[in-house]
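For clarity, every value in this text was computed on a predicted model and none was experimentally measured. For the single chain, residues carry numbers from 1 onward in sequence order. Both counts, for ligands and for their atoms, begin at 1 and track the order of listing.
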Amino acid sequence: MSDLAGKQDIQAFWGALYDSLYDGTTDVSKEQLLESIDAMEDMFRLRGHMAVADMSLMDISGLRVLEIGPGAGGHSAMFARHGAIVTAIDITQARAEATAAKFALLGDDARGCRAMQGDAENLPFADGVFDIVYSNGVLHHTTSTEKAMDQVYRVLKPGGRAVIMLYCKSSWHYWINMWLCVGILMGRAFGGANWLGRATEWGGKDEQTMENPITRCYSGGGVRRLFHRFRDVRMRKAEFYFYLIPKLGRIYRRFQIKRYGVHPGGILVYGEPWPKQSPLEFWLGRFIGWSWFITAEKPEN
Ligand SMILES: C[S@@+](CC[C@H](N)C(=O)[O-])C[C@H]1O[C@@H](n2cnc3c(N)ncnc32)[C@H](O)[C@@H]1O
């Protein structure tokens with residue numbers, strides 16, 4: 001597959017997925033958006049998400065932050081709300097527009113912020129211009145994660161930090177849910193390359209309408225190789241959910257919602273409330289979670 005065809009597939013997939021999550025309603029007031037951002041931040045604190053746990057939102061005012069792949073634009077809007085000068089770039093035009101619309105609604109609270117369409121593997125920025133490059137769940141879905149990481153390194157200022165989430169291979173979700181249940185028992189691993197893409201992400205909210213063209217996941221060694229030019233590389237696992245277990249997970253999810261409830265913070269970024277994790281899931285995430293939360297510094301020289 002050529003790089004261009006690959007990128008078109010990526011745009012088509014994410015375009016379709018987000019279209020199925022949001023009904024297109026843009027009739028939201030600034031106050032409502034601020035409430036949604038606060039709710040999302042609260043949800044991230046509950047989950048120990050890297051956006052609040054591995055970077056200090058209190059210290060980002062005035063910093064130049066690049067978000068790659070903002071999706072719904074919630075994370076970028078949160079950084080803007082904390083005073084960062086945010087640039088957001090997404091390969092899917094509609095996602096860049098959704099993020100730009102949030103900046104526009106925030107008005108003076110997002111002064112200097114901008115969102116644009118573009119590719120992580122070919123960032124249209126000069127060398128060494130950002131204090132932080134942030135990307136949550138994006139770079140494992142692009143044609144060449146290595147190329148994208150070279151770009152992250154290039155556009156960071158010396159001493160700047162990368163804050164990046166990548167899927168984790170040494171996790172329950174990869175080995176039990178995906179490899180064993182979906183790959184082997186349901187036979188998807190035998191359908192050629194990218195079986196993980198087909199298995200891990202739906203092209204629609206409730207049913208598979210389109211195949212995810214690319215998904216990769218990384219062992220600890222794989223992450224270290226990707227970040228070999230950085231210093232002070234810190235990585236931790238997080239995010240374990242019983243409801244992701246194929247078939248049985250659906251039953252658990254009903255129990256989970258009854259027992260622990262849902263958090264409204266999910267609406268801004270996932271289009272629906274987030275089912276709260278049990279303390280056991282939160283704890284298990286540290287050992288067998290599906291996310292690597294990674295921070296790393298570009299050396300001063
Ligand atoms: C799983 S979503 C993550 C959205 C958001 N970061 C979040 O955590 O909610 C992946 C996003 O990355 C974007 N994306 C995928 N490949 C990209 C690339 N090569 N360059 C820029 N954005 C890309 C998609 O369009 C989509 O919006």
* Looking only at distances, please establish whether an N/O atom of ligand 1 is found under 3.5 Å from an N/O atom of Thr142. => yes

* Asked: Relative to each other, are the rings of Tyr167 and Trp290 parallel, tilted or perpendicular (30° and 60° limits)?
  -> parallel

* Would you call Arg161 and Asp131 a salt bridge, taking side-chain N to carboxylate O under 4.0 Å as the test? -> no

* To do: Just say parallel, tilted or perpendicular for the rings of Tyr134 and Phe79, cut-offs at 30° and 60°.
  => perpendicular

* Of the listed options (Asn212, Asn136, Asp119, Thr99), which comes nearest to atom 8 (O) of ligand 1 when hydrogens are ignored and any heavy atom counts? -> Asn136

* Atom indices of ligand 1, in the order listed, that fall short of 4.0 Å to a heavy atom of Gly137 -> 1 (C), 3 (C), 10 (C)

* Structure fact -> For His75, the ligand 1 atoms with a heavy-atom partner under 4.0 Å come out as 7 (C), 8 (O), 9 (O)

* Relative to the heavy atoms of Glu67, which atoms of ligand 1 are at a distance of less than 4.0 Å? -> 6 (N)

* Geometric N/O contact Trp14 with ligand 1, under 3.5 angstrom -> no

* Which option, Gly69, Ala120, Ala88, Ala94, owns the non-hydrogen atom nearest atom 20 (N) of ligand 1? -> Ala120

* Asked: Are any side-chain N or O atoms of Glu121 and backbone N or O atoms of Thr143, one a donor and one an acceptor, separated by less than 3.5 Å?
  -> yes

* Structure fact -> Any heavy atom of Gln11 under 4.0 Å from ligand 1? The part involved is neither

* To do: Check each heavy atom of Tyr18 against ligand 1 and say whether those closer than 4.0 Å belong to the side chain, the backbone, both or neither.
  => side chain

* Which atoms of ligand 1 sit under 4.0 Å from any heavy atom of Gly118? -> 20 (N), 21 (C)

* Quick one: sort the Phe242 and Phe240 rings into parallel, tilted or perpendicular, breaks at 30° and 60°. => perpendicular

* So, are Arg253 and Glu272 salt-bridged, with charged N and O less than 4.0 Å apart? -> yes

* Within reach of ligand 1, part of Ala72 (heavy-atom separation under 4.0 Å) -> neither

* Does at least one non-hydrogen atom of Met165 fall below 4.0 angstrom from an atom of ligand 1? -> no

* Got a salt bridge between Arg45 and Asp42, using NZ or NE/NH1/NH2 to carboxylate O under 4.0 Å? -> no

* Structure fact -> Quick look: Ile10 vs ligand 1, heavy-atom contacts under 4.0 Å, and the answer is side chain

* Asked: For ligand 1, which atoms have a heavy atom of Gly71 less than 4.0 angstrom away?
  -> 4 (C), 27 (O)

* Asked: Considering only heavy atoms from C-beta outward, does the side chain of Val182 approach that of Asn177 to under 4.5 Å?
  -> no

* Atoms of ligand 1, numbered as shown, that sit under 4.0 Å from any heavy atom of Arg95 -> 27 (O)

* Asked: Under the 6.0 Å and 45° cation-pi test, does Lys298 pair with Tyr153?
  -> yes

* **Aromatic Phe130 / basic Arg64 pairing, under 6.0 angstrom, 45° off normal** => no

